[in-house]
Each structure stands twice: as C-alpha cells, then as structure tokens.
Amino acid sequence: MPNHKSKLQPTDPEFIELLDNFAYEEVITHGNLDLKTRLIMIHTSTIGSNVVTKYKAMVSSALNVGVSQVEIKEVLYHGMPYVF
C-alpha cells in the first residue's frame, strides 16, 4: 500500500515488517483477481472483522486503484446486514 505508515513501526519494527510483507505483498499479490476486485474483497472483510482503522485504509487504497465511491458505498450497504 503506497504511503502506508504503521503506528507500531517505532515500537516493534520486526513485527510490522512481518505483517506488512504478509498483508501488503504476499496476500495482495496472490491469485488471479485484478487489484480492484481484490481490494473490494479485502474492504468487505474489514467490515466483518470490525477493524475501523483497516477499513479506512482499505477505502483509501480502493479509491486509489479505481474503485468508485458508489462501489465503496455498495460494499458497505451489502456487507453491514450480515454482521449485525
């Protein structure tokens, strides 16, 4: 994720390096989905996981790769009923 800055970097750089390599390199590049679809899926999973900071980061990242604001809203509208 471009410009991704972890708040834990100063206190635990080794953990953050492992996490970032996994989440932002290995997982995000695995498989045959295009990046836009992949970020929509990750965005959806953050709703179900109730991780607000990651949700915000995924919205920003999704917008950066061409996911529209309407698509972001649709993901939220379709995902919310299943987690409440």
Side-chain angles (χ1 to χ4, degrees):
M1 299 293 148
N3 303 317
H4 170 72
K5 302 259 194 264
S6 171
K7 292 179 182 174
L8 295 177
Q9 179 67 38
T11 58
D12 198 343
E14 183 178 8
F15 173 74
I16 292 306
E17 181 179 3
L18 291 170
L19 177 65
D20 286 351
N21 286 340
F22 176 73
Y24 299 115
E25 291 181 20
E26 293 176 29
V27 173
I28 199 118
T29 60
H30 180 76
N32 297 320
L33 294 175
D34 62 274
L35 187 56
K36 181 178 173 182
T37 303
R38 192 178 310 268
L39 284 175
I40 287 173
M41 297 302 297
I42 295 169
H43 173 217
T44 303
S45 72
T46 63
I47 295 167
S49 301
N50 195 26
V51 285
V52 176
T53 56
K54 291 296 180 193
Y55 173 83
K56 290 177 184 179
M58 284 300 114
V59 168
S60 179
S61 296
L63 290 169
N64 286 336
V65 299
V67 178
S68 72
Q69 291 178 356
V70 171
E71 290 169 315
I72 298 283
K73 182 175 74 171
E74 288 294 320
V75 167
L76 186 59
Y77 286 3
H78 286 284
M80 292 304 287
Y82 295 98
V83 296
F84 287 107

- Can you list the residues that meet the side-chain hydrogen bond (donor to acceptor under 3.5 Å, both in side chains) rule with S45, with sequence neighbours excluded? none
- With sequence neighbours excluded, tell me which residues meet side-chain contact (heavy atoms from CB on, under 4.5 Å) with D34. K36, T37
Return the [atom1] to [atom2] distance between [X] and [Y], rounded to the nearest 0.5 Å.
{"X": "M58", "Y": "T46", "atom1": "CE", "atom2": "OG1", "value": "7.5 Å"}
{"X": "K54", "Y": "H43", "atom1": "NZ", "atom2": "NE2", "value": "14.0 Å"}
{"X": "L35", "Y": "I42", "atom1": "CG", "atom2": "CD1", "value": "8.0 Å"}

Taking distance alone, no hydrogens or angles, what donor-acceptor pairs closer than 3.5 Å link side-chain atoms of residues 75-84 to residues at least two apart or in another chain?
{"unit_1": "H78", "atom_1": "NE2", "unit_2": "E74", "atom_2": "OE1", "d": "3.1"}

- Considering non-hydrogen atoms only, spot the tightest contact between S68 and L63 and give its length. C-CD2, 4.1 Å
- hydrophobic_cluster_shared for V51 and L39, side chain cutoff 4.5 Å: no
- Is it the case that one hydrophobic cluster holds both V65 and L33, taking links as side-chain heavy atoms less than 4.5 Å apart, direct or via other members? no
